[in-house]
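Worksheet for the structure shown next.
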Protein chains: 2
Amino acid sequence: MCCVTKPSQELLRSISDEHVLRSLMASRRQTRAELAVTTGLSKPTVGESVRRLVELGLVADTGERTQGGRGRGRVGSFYSLADVGVALVVMIAPGGVTAECVDAYGDVVSRSHHPIADPAEVAGVLPVAAVEAVAGRQVRLAVVSAADPVDRHTGRLVQLPDSPFLVGALDPVEVLRPFLGGPVIVDNDVNWAAQAEHVASGVADFAYLYLGEGLGCALVSDGEVRRGHSGLAGEIAHLITIGPSGVATPFIEVFGELGLRQTGSTAIDVARLLAADDEVLSVVARAIGGVVTALVTLADPAVVVVGGPWGPALLDLITTGPRAVAVAAASVREPSLTGARADALSRLRTALVEASRG
Amino acid sequence: MCCVTKPSQELLRSISDEHVLRSLMASRRQTRAELAVTTGLSKPTVGESVRRLVELGLVADTGERTQGGRGRGRVGSFYSLADVGVALVVMIAPGGVTAECVDAYGDVVSRSHHPIADPAEVAGVLPVAAVEAVAGRQVRLAVVSAADPVDRHTGRLVQLPDSPFLVGALDPVEVLRPFLGGPVIVDNDVNWAAQAEHVASGVADFAYLYLGEGLGCALVSDGEVRRGHSGLAGEIAHLITIGPSGVATPFIEVFGELGLRQTGSTAIDVARLLAADDEVLSVVARAIGGVVTALVTLADPAVVVVGGPWGPALLDLITTGPRAVAVAAASVREPSLTGARADALSRLRTALVEASRG
DNA sequence: ACATTCTAGTTAGAGGGCTTGCCTACAAAG
DNA sequence: CTTTGTAGGCAAGCCCTCTAACTAGAATGT
């Protein structure tokens, strides 16, 4: 079903250009001869493609010449991507806002972090972090991770009944629009964390269970994070599970009944939970077991990855219901940022390829 | 990311051929001039493409000539797909086995149905139904719907603990292999039913809840049925929900506690359930509500479609938990067969396009 | 009866992209 | 100073698609 486009010479040309561009992204600084080898195209074709891409401003002669210890032979010109723009990666968490710029090679070229004490500061800090990270660079798109549910269509943070609202009401699309000339992609931090685990592990079907101040979950099916109709997939606070007395109870209320929620908030008190005695923890684990059973029966994951501040600590207590499924602790550090960064890189590269098509 | 292939003239040619082939599938019997219009290609290009496809045996001159009341002008030759093979669609249900052949136009060209009284008869009846439907035709692939969980990798029917095993142990791939020269795709009837609803409604994200002798569910995310790692996604019999007394209980056991399971079997007694009084039905509905809450929180569907022998009857009693989500009765008739047929057609067409690439 | 009109299909040529093969430029090694 | 080996350019050929013009042939109209 691939390529529903019309057959034309222009299509061939753009495919050649894509090969050259992606090869330069994979290893910068290549001569035309090297490009011909890495892309599998012929030398004249690569020469033409490079000429076009230089003219478009996407590729530039670095000025460097070969001969650097590569034996005899005529000097060659090194080409690399021109100053072609970056992707902005933003992580909005209750503890602070982080902004990064990633270039098409996947390198983080700038970074800015602002701790905050109160969610209300986000609106003020976000533009500051963004402007510091951007620092005048051309930004082609932005990818945002936020610690709250995200509306898939608008990109706004939404508050669900009775679930902790850590970051607070915010429209990242609107706030970031002045900094860039492209799309702003917003998603939940748990979804990005799952994306990072997916990239790291290569597993196509798994569930990511996040246990922290908030309760979240992400589902990866057929190699993609599935966000659902509104982007609220995995908001498991109200999933029915086994309560302390055995009565069917919404997941989040289990913590209320156990006195493990922060006073005056819907968030879970992580410190108190980790300090709880074995009896309480076994009740918590049984509730988690009910949630994992739902994950397993509905999504059939190859593995349930558990992350978050207190999730991995209870790993050994978690059962998966009647079907035996592996349970593992999350392995990626800074998972949300890593996942968002990976997505930003992939989108930036695709955007450049699109740009080469005019 | 489309088209990672090498740029070559052959690629253009194959794209042209694909356009011509798919146009002939959409409306058979076209002259070269009509094909040029429908595909958007030029007349000489279409002429060459048709010549190649005729040579490959995929397209044939029908012998018919135009002039049928279409005014003056030179007579043209009508072309259509040659005798190019069919797809076999098989539905294996507790009540019987149905086999159909579908051609590349989407027409059912043959059909055979064999009722059975006992699941043990499937193994004997399946080859008979298949041979009757096939009747000597060239079969390029088979798509099978079975009323039991299907192992995604082997295509075998698997028995899960304590869930009704309606069709019984069977390896449809092995049984059907003698009848065809291509792949055999096997999946759960509920997944196919969801596929049919997806085609009919066009909704990209929804859940399909099947309530019959067995309990099943299918999830459609981003426009595809998601089967999970082993193909067991949606096997909800053991999902924890609200039991008759309020205690957290596996879904299937709710029916056991209410005395609604068939004696000596794990299946639900549909007749008795439909005849039950309101109090029992409200308990059932509350249990379903727990399941739907799990569906909604985990998958975030745009709508929950309810199908099966007794599902739609309880439609008004079903609640969706804290998030309001539409609940609707399934609308497609013969949903499993329809969904399997649609998939078979799509695969057959793709197979023919592949064949044109040699 | 014969010219007109209109459509199906073919032919000719141009444009352009990719490849192979060969050539030039040029630096390091001997 | 010659040899060797690499970067890059040039020319020819192939082949795919397109446009434009042309041929074939039947219905219409006078």
Side-chain angles (χ1 to χ4, degrees), chain A residues 3 5-20 23-24 29-55 59 61-80 356-358, chain B residues 3 5-20 23-24 29-55 59 61-80 356-358:
Chain A
C3 291
T5 32
K6 294 271 293 283
S8 71
Q9 315 262 70
E10 188 184 328
L11 175 64
L12 294 186
R13 213 176 41 193
S14 76
I15 294 175
S16 294
D17 290 352
E18 172 161 359
H19 275 98
V20 170
S23 178
L24 280 175
R29 249 200 34 158
Q30 293 185 75
T31 66
R32 276 171 277 195
E34 287 166 343
L35 281 169
V37 174
T38 56
T39 59
L41 303 175
S42 69
K43 287 194 292 173
T45 301
V46 168
E48 266 303 290
S49 178
V50 167
R51 194 193 55 68
R52 282 192 298 267
L53 293 171
V54 167
E55 194 170 340
V59 165
D61 188 331
T62 61
E64 300 173 278
R65 295 294 174 262
T66 120
Q67 93 218 26
R70 71 161 70 192
R72 43 194 125 179
R74 171 177 169 177
V75 288
S77 317
F78 279 116
Y79 289 87
S80 69
S356 77
R357 304 212 204 282
Chain B
C3 290
T5 31
K6 293 271 290 284
S8 71
Q9 319 266 62
E10 188 184 327
L11 175 63
L12 292 188
R13 214 176 37 194
S14 76
I15 294 176
S16 294
D17 290 352
E18 171 161 1
H19 275 99
V20 170
S23 179
L24 280 174
R29 247 201 35 157
Q30 293 185 77
T31 66
R32 275 170 277 194
E34 288 167 342
L35 281 168
V37 173
T38 57
T39 61
L41 303 175
S42 68
K43 287 195 291 176
T45 301
V46 168
E48 267 302 290
S49 179
V50 167
R51 196 194 53 68
R52 282 192 297 265
L53 293 171
V54 167
E55 195 171 338
V59 166
D61 188 332
T62 61
E64 298 172 279
R65 295 295 175 263
T66 130
Q67 92 217 26
R70 72 161 72 190
R72 42 193 128 181
R74 170 177 170 177
V75 288
S77 317
F78 280 115
Y79 289 86
S80 67
S356 78
R357 304 210 203 282

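These numbers were taken from a predicted model, which means no experiment stands behind them. Numbered from 1 within each chain, the chains take letters A, B, ... in sequence-line order. All heavy atoms count here, side chains included; hydrogens, waters and symmetry mates do not.
- One atom, CZ of R51(A), and another, C1' of dG17(C), lie 12 Å apart when rounded to the nearest Å.
- Among residues two or more places apart in sequence or in another chain, the side chain to side chain contact (heavy atoms under 4.5 Å, CB included) test is passed with V37(A) by none.
- Between S77(B) and dA8(C) there is no side-chain polar atom (N or O) within less than 4.0 angstrom of OP1 or OP2.
- If you measure from atom CZ of R74(B) to atom C1' of dA24(D), you get 5 Å, rounded to the nearest angstrom.
- The side-chain hydrogen bond (donor to acceptor under 3.5 Å, both in side chains) check on T38(B) picks up S23(B), Q30(B), with sequence neighbours excluded.
- Between T31(A) and dT6(D), a side-chain N or O to OP1/OP2 separation shorter than 4.0 Å is absent.
- In terms of the side-chain hydrogen bond (donor to acceptor under 3.5 Å, both in side chains) criterion, Q9(B) has no residue partners (sequence neighbours excluded).
- Residue pairs meeting the salt bridge (charged side-chain N to carboxylate O under 4.0 Å, His left out) criterion with at least one member in residues 7-16 of chain A: none, sequence neighbours excluded.
- For the salt bridge (charged side-chain N to carboxylate O under 4.0 Å, His left out) test, residues two or more places apart in sequence or in another chain that qualify with R52(A) are D17(A).
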Please write out each protein N/O paired with an N/O of nucleotides 1-5 of chain C under 3.5 Å, distance rounded to 0.1 Å.
residue	atom	partner	partner atom	Å
dT5(C)	O4'	R72(B)	NH1	3.4

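- Rounded to an integer number of Å, the gap from Y79(A) OH to dA7(D) P is 13 Å.
- Rounded to whole Å, atom P of dG8(D) lies 8 Å from atom CD of E34(A).
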Distances for protein N or O near nucleotides 15-18 of chain D N or O, under 3.5 Å:
residue	atom	partner	partner atom	Å
dC15(D)	O2	Q9(B)	NE2	2.6
dC16(D)	OP1	R13(B)	NH1	2.7
dT17(D)	OP1	L12(B)	O	3.3
dT17(D)	OP1	S16(B)	OG	2.4
dC18(D)	OP2	S42(B)	N	3.2
dC18(D)	OP2	S42(B)	OG	2.8
dC18(D)	OP2	T45(B)	OG1	2.7

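- Put simply, CZ on R32(A) is 15 Å from C1' on dT24(C), counting in whole angstrom units.
- Taking the side-chain hydrogen bond (donor to acceptor under 3.5 Å, both in side chains) definition, one finds that T39(B) meets it with nothing, sequence neighbours left out.
- Taking 4.5 Å as the limit, some side-chain heavy atom of P7(A) sits within range of a side-chain heavy atom of H19(B).
- S8(B) is linked by a side-chain hydrogen bond (donor to acceptor under 3.5 Å, both in side chains) to nothing, counting only residues two or more places apart in sequence or in another chain.
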